[in-house]
Amino acid sequence: MPELIDIATRVVGWAEAGEQVEAYVVHERETEIRAYEGEVESLTSAESQGVGVRVVVDGRQGYAYAGTLDETVLRETIQEARDNAAFAEADEFNGVAAADGVAPAALDLYDHDLAAFPTDAKVALAIELERATRAADPRISGIESAEYVDSIGEAAVANSEGVVASAAETGCYLSAYSLAEADGETQTGFGFSIGRGAAELDSAAAADDAAERATRLLGAVKPPTQRLTVVLDPWVTAQMLGIIGHTLTGEAVQRGRSLFADRMGEQVGVAELTLLDDATNPDAFTATIVDGEGLATRPTPLIDGGVLQGFLHNSYTGRRGATGSTGSAVRGGFKSGPGVGAHALALTPGTRTQAELIAGIDDGLLVQGVAGLHSGVNPVSGDFSTGAEGLRIRGGELAEPVREITIASTIQRLLLDIQAIGSDLEWLPMSAAGVSIVVADVTMSGA
Amino acid sequence: MLDHELINRTLGAALRTGGEFAEVFVEDKRSSSATLDDGRVEELTSGRDRGAGIRVVVGDTTGFAHTADLSETGLRNAADAAAAAARGGGGGVREVAVTPVDTPRTNGARIAPEDVAKATKVELLSLADAAARGEGNAITQVSARYGDSRRRILVANSDGLLAEDDQVRTLFSVSCVATGDTGLQTGRESTGRTIGFELFDEADVEDMARRAAGRAITKLAARPAPSGAMPVVVGPGGGGVLFHEACGHGLEADLVAKAASVFAGRVGEEVATPLVTLVDDGTMAGEWGHFTIDDEGRPAHHNVLIQDGVLTDYMWDHLRARKEGRPSSGNGRRQSYQHLPMVRMTNTYIENGSDDPADIVSSTDNGIYVAQLGGGQVNTATGDFVFGMTEAYLIENGEITEPIREGNLIGNGPEVLTRIDALGDDFAMGSPGTCGKDGQGVPVGDGTPTLRVTSLTIGGTAA
């Protein structure tokens, strides 16, 4: 097939006088293999491509997409975007990104071996993951899913202001959801392993995690309601950071939907709190050298020593806020235009391990997993309340598992109530790294 | 959408490696949406997705491939890939001849969205914005979204089935932010139906905007939600998502087959109070989870899952039903031609009871009244579920009093089913939803009358 960058450039070349045009073209190959009871349950082999076209005329913006790169369809798509633009209202800050001279980081995010990795070997990994998870503990009673997934993707962006960029990335992971049973009670747990190439995958580690997370919840009780100190597992912290990242976007701030609006330069968290978004960190699985508008990604400090330092911007919010883009345009595929968001958020880690943090807590809770975060956190007001499961901490040691509880506070208080940040920074399959954090005075609702 | 002979040849190719079952799913979907935010109509988006997904089943293994290329070559390549993925090894040629099933191929839309001028759609957004802002200066931000889609599908398989459907859906939502001394609060309203633009004959977008604004303003004065276990009364329509999470997912046959459901092996048992009759019904014309055929070509069904408290059946797709030697219940759905079908809900609801809703509140000494729920999530293996309250009040001495701030409720599905002690006679459908499962989203509806759960855990901050 032709180079994506050539297709994107060709579409941009169709811009008429007075028009700005941006074309975003993607191509992706994916394999997904699910194993069950030693066999392949399903094997999906997929190749997909698509284009998204943005047209801006006199400050009016329109968008159209199509799931094919067929020449006729490309022509229809730009025409449709042009037609859509006529019905939107003008906004002086609308427009495609202007080149800003920042050079993309020199990162190699493409594993050539993955493209040549044979399907049989992928199948073997999925089946081995399932076997190892079942074998990890005699209390493992079943497997909800055990899968190998990979993706080899390329994206190109071009616009009529001279931005032309492309990036190719690979990724793969193994994940297992296990069921554990004892005394008629069932619990579930998950484990995963992720890499740019298959050589980085570790099925034994994923299987052990899936088994341990499920078995250690066996015998869980519903505790009484109280306020206590919680330790958030790295997985949980990363999910919270994902939501906090959303509140730190120029879009949320400019549209009056962020609890951090008007707080630049203020102390919003404890002095130990330093938060950076950095898509150029190759350890992040969401690392990328160009953003959704074709600008180079770059490190963006958000909170430093607890003080609010900056917000994330794409070219629209960067123009509107007169700060310029921070290379933080994100796209949810070719079906929508560029929004603004974090690529790879991380807290600066501390010096103590999770075990050391727990040893310092007399009466607390280790939160191993949360449920319903999407419905339980209001990123506008900052209120959050989420279902949780985990282990009580008594006298500095892990004690009985608990379930059917919620933990609640506000994002504002959470950042000010952090007592310690762990040393266990870990990049996860999401746009944030995990690390253990200790938070004082959280409400645990139970019986 | 495709020539029958081409379909037959494609199915034949898919079966060449010894597949026992092959299926071609063709989809042509057009969508359009328009958003208003920050006081102006921001952007109109339109898109088209067209392609085919081909699956081949050999024993317990499914091979799947999809293509956006609907030419003979494109389909042949996808069929080969799916056959290779399933790898039966039997070989040989199997002739397939599909027979069209007589399904009504005209959609239920009276006014096709593509026939409506874009300017008319955009005007709805501006009306909603003005109406919300008219509720007072406390309303500091409004966003509104209009969306429509027309999805034509064709399903053909090696059993000879050939069926087509034409699904039109229209959606409108408004979200408001209110600002006060205590910070920011939000309120939302949405409506979505499997009909065309005539949606707006029955849904007044200005009314919706005023309700969303009112919700956000009310919450400015809300106090922190209490925490701990207490009685919860859920208003009409609002409770559907509770049953979707609490037991709907656990009644999906794929999860049951893997013993990843607390309801596995319990057909015929009393799993709920006799007040509860739970139905999943894809035939409810116009509702958000409605269709004529599912994404495996089976007609939508009215499936009674729990009758007077007794578990009567699960929901089935083709694969799971075939294994059990029974018919599918019309619950095989997929997000798009790029996805494998699996067991999914349609419109899930609790039938009316006989209690007077006012009596249900007045006979509750102290608890919570939930008028609107947000999204939820369930762990089907344990039955533990959560869902967010987006509009809720305290009940004190039998009366609805102060609004409370958002919080999650947490409970256990099987326990909740046995703890429903009152069911009203005021059935209503709730808001349109998107149900996520294994990364695939599909439109679903739900409904309930007013009901009371004797004890649920409220996850507030007021300990």
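We name chains A, B, ... by the order of the sequence lines, and we start the count at 1 in each one.
Interface remark: Ala257(B) contributes backbone atoms only to the contact with chain A (heavy atom separation under 4.5 Å). Heavy atoms of Leu125(B) lying under 4.5 Å from chain A are absent altogether. Only the side chain of Val123(A) comes within contact range of chain B, with at least one heavy atom under 4.5 Å from a heavy atom of that chain. Heavy-atom distances place no part of Tyr177(A) under 4.5 Å from chain B, backbone and side chain included. Only the side chain of Glu415(B) comes within contact range of chain A, with heavy atoms under 4.5 Å apart. With a 4.5 angstrom heavy-atom cutoff, Leu340(B) touches chain A only via side-chain atoms.
A heavy-atom distance below 4.5 Å is found between the side chains of Asn412(B) and Glu404(A). Lys118(B) places a side-chain heavy atom less than 4.5 Å from the side chain of Asn84(A). Within the 4.5 Å cutoff, the side chain of Thr44(A) has no heavy atoms near those of the His339(B) side chain.
Among pairs with a residue in residues 376-388 of chain A, those fulfilling side chain to side chain donor-acceptor pair (under 3.5 Å) read Asn378(A)-Thr186(B), Asn378(A)-Glu406(B), Asp383(A)-Arg405(B), at least two apart in sequence or across chains.
A salt bridge links Glu41(A) to Lys258(B): one of the charged nitrogens lies within less than 4.0 Å of a carboxylate oxygen. Under the 4.0 Å criterion applied to side-chain N and carboxylate O atoms, Glu92(A) and Arg40(B) are not assigned as salt-bridge partners. A salt bridge links Arg320(A) with Asp38(B): the distance from a Lys NZ or Arg NE/NH1/NH2 to an Asp or Glu carboxylate oxygen falls below 4.0 Å. Look at Asp120(A) and Arg87(B) and you find a salt bridge, because one of the NZ, NE, NH1 or NH2 atoms lies within 4.0 Å of a carboxylate O, short of that distance.
Other residues, nucleotides and ligands contribute over 12 non-hydrogen atoms within 6.0 Å of the OH atom of Tyr337(B).
Smallest separation of non-hydrogen atoms from Ser143(B) and Arg257(A): CB-NH2, 3.4 Å.
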Verdict with reasoning, Thr457(B) to Lys222(A), per side chain to side chain donor-acceptor pair (under 3.5 Å)
CA-CA 10 Å; Thr457(B) 293; Lys222(A) 184 169 178 160; 2.7 Å; yes

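The side-chain contact (heavy atoms from CB on, under 4.5 Å) search around Lys323(B) returns Asp60(B), not counting sequence neighbours.
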